[in-house]
Every structure is written in C-alpha cells, then in structure tokens.
Amino acid sequence: MGGAALTRHLGEVVREALGEGPADLILTGGETARRVLDALGVRELIPLDQVHHGAVHSRTPEGHSVVTRPGSFGDVDSLLRIAVHLDPDLLHSKSKG
C-alpha cells in the first residue's frame, strides 16, 4: 500500500472507530491530518490558538477541537502538551489515580 492509499485508509479507520460520537482529535503529519479530516467530512477548521511552535488548536464548525502539527515538529513531550491543552485536568487526574 502506497503513501496516499495508506493515509486514506487511516482516515477511514479513524472514521469507523469514532462512529457517530464527537471527539477531539490530535493529528500529526500534514497529509495524514488532511486524509483523516477528509474521511470525517471536516471541510473547515477555525484556528483558535497555538499550543506550541507548529501545533495549532482549531475548532470545527460543530464545536470539536482539532490540534494539528507537522510530523517533524515538537519536542519529546509535544503530544502530552497538546493533550493537556485539550484537557487540563488530564495531569491532575493522573496524579490522583
């Protein structure tokens, strides 16, 4: 399976996994992010703010958060920082558990 076919398949897998339920997404890699958003029918993102250099927090018209980041950006804690940005209680619930 080539690169374009693989990213298209990934988008379809994510769509099936989410079903009809709403979800916030963290997507890395430009082509991968585009294919996932295409598969989910997301045609518009409204930029809100920057989580860190290269990581942009946006919202869909339906109100779901989407953070996109180029695959080559971010330090080793990049995905954690993005997740905490979307759910600030994430670190607190982890330390209580």
Side-chain angles (χ1 to χ4, degrees):
M1 187 179 296
L6 184 60
T7 56
R8 189 171 32 258
H9 179 70
L10 174 62
E12 293 166 2
V13 168
V14 171
R15 184 187 68 232
E16 289 174 20
L18 292 176
E20 297 299 317
D24 293 336
L25 296 172
I26 300 170
L27 301 171
T28 64
E31 181 69 17
T32 303
R34 179 74 265 152
R35 296 291 182 167
V36 169
L37 292 170
D38 285 348
L40 295 173
V42 176
R43 302 288 179 249
E44 178 183 357
L45 290 175
I46 302 150
L48 300 175
D49 58 0
Q50 180 173 279
V51 179
H52 60 70
H53 182 70
V56 178
H57 179 200
S58 300
R59 189 162 313 271
T60 68
E62 295 77 28
H64 305 296
S65 286
V66 177
V67 178
T68 55
R69 185 202 79 184
S72 61
F73 278 62
D75 293 328
V76 295
D77 66 343
S78 173
L79 295 177
L80 176 62
R81 290 170 59 195
I82 293 169
V84 169
H85 179 83
L86 291 176
D87 182 3
D89 293 331
L90 190 66
L91 286 180
H92 302 297
S93 64
K94 189 77 168 167
S95 63
K96 291 179 186 176

Q: Run the side chain to side chain contact (heavy atoms under 4.5 Å, CB included) test against Glu16 and tell me which residues pass, sequence neighbours left out.
A: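 Glu16: no side chain to side chain contact (heavy atoms under 4.5 Å, CB included) contacts found.
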Q: Under the rule for side chain to side chain contact (heavy atoms under 4.5 Å, CB included), what residues qualify as partners of Val13, not counting sequence neighbours?
A: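 Val13: side chain to side chain contact (heavy atoms under 4.5 Å, CB included) contacts with His9.
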Q: Check step by step if side chain to side chain contact (heavy atoms under 4.5 Å, CB included) holds for Val56 and Leu45.
A: CA-CA 10 Å; Val56 178; Leu45 290 175; over 6 Å; no
Q: Quick one: side chain to side chain donor-acceptor pair (under 3.5 Å) partners of Glu31, sequence neighbours excluded?
A: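 Side chain to side chain donor-acceptor pair (under 3.5 Å) check on Glu31 returns Arg35.
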Q: His52 and Gly74: which non-hydrogen atoms are nearest, and at how many Å?
A: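 Shortest heavy-atom separation between His52 and Gly74 comes out as CE1-CA, 3.9 Å.
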Q: Closest approach of Pro47 and Ser58, non-hydrogen atoms and distance?
A: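 Result for this residue pair: CA-OG, 3.6 Å.
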Q: Who are the side chain to side chain donor-acceptor pair (under 3.5 Å) partners of Arg34, not counting sequence neighbours?
A: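 Per chain and number, Arg34 pairs via side chain to side chain donor-acceptor pair (under 3.5 Å) with Asp38.
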Q: Other than Leu48, what residues sit in its cluster of Ile, Leu, Val, Met, Phe, Trp and Tyr side chains whose heavy atoms are under 4.5 Å apart, directly or through others?
A: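 Answer for Leu48: none, a lone residue.
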Q: Kindly indicate whether the side chain of Leu40, heavy atoms from C-beta on, has any atom under 4.5 Å from the side chain of Leu25.
A: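 Yes, their side chains come closer than 4.5 Å.
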Q: Could you pull out the closest heavy-atom pair between Thr68 and Ala33, with the gap in Å?
A: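 What the structure gives for the nearest pair is CG2-CB, 4.3 Å.
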Q: Should side-chain heavy atoms under 4.5 Å link Ile, Leu, Val, Met, Phe, Trp and Tyr, which residues sit in the same cluster as Ile26?
A: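 Val51, Val67, Leu79, Ile82, Leu86, which link up through side-chain heavy atoms under 4.5 Å apart, make up the rest of the cluster.
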Q: Enumerate the residue pairs fulfilling ring pair (Phe, Tyr, Trp, His ring centres under 6.0 Å) with a member in residues 68-91, sequence neighbours excluded, ordered by first and then second residue.
A: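 Those involving residues 68-91 are His53-Phe73, His57-His85.
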Q: Could you list the residues that satisfy side chain to side chain donor-acceptor pair (under 3.5 Å) with Thr28, not counting sequence neighbours?
A: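 By the side chain to side chain donor-acceptor pair (under 3.5 Å) rule, Thr28 matches no residue at all.
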Q: Less than 4.5 Å apart, any side-chain heavy atom of Val42 and any of Val66?
A: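 A side-chain contact is absent here, since even the closest heavy-atom pair is not under 4.5 Å.
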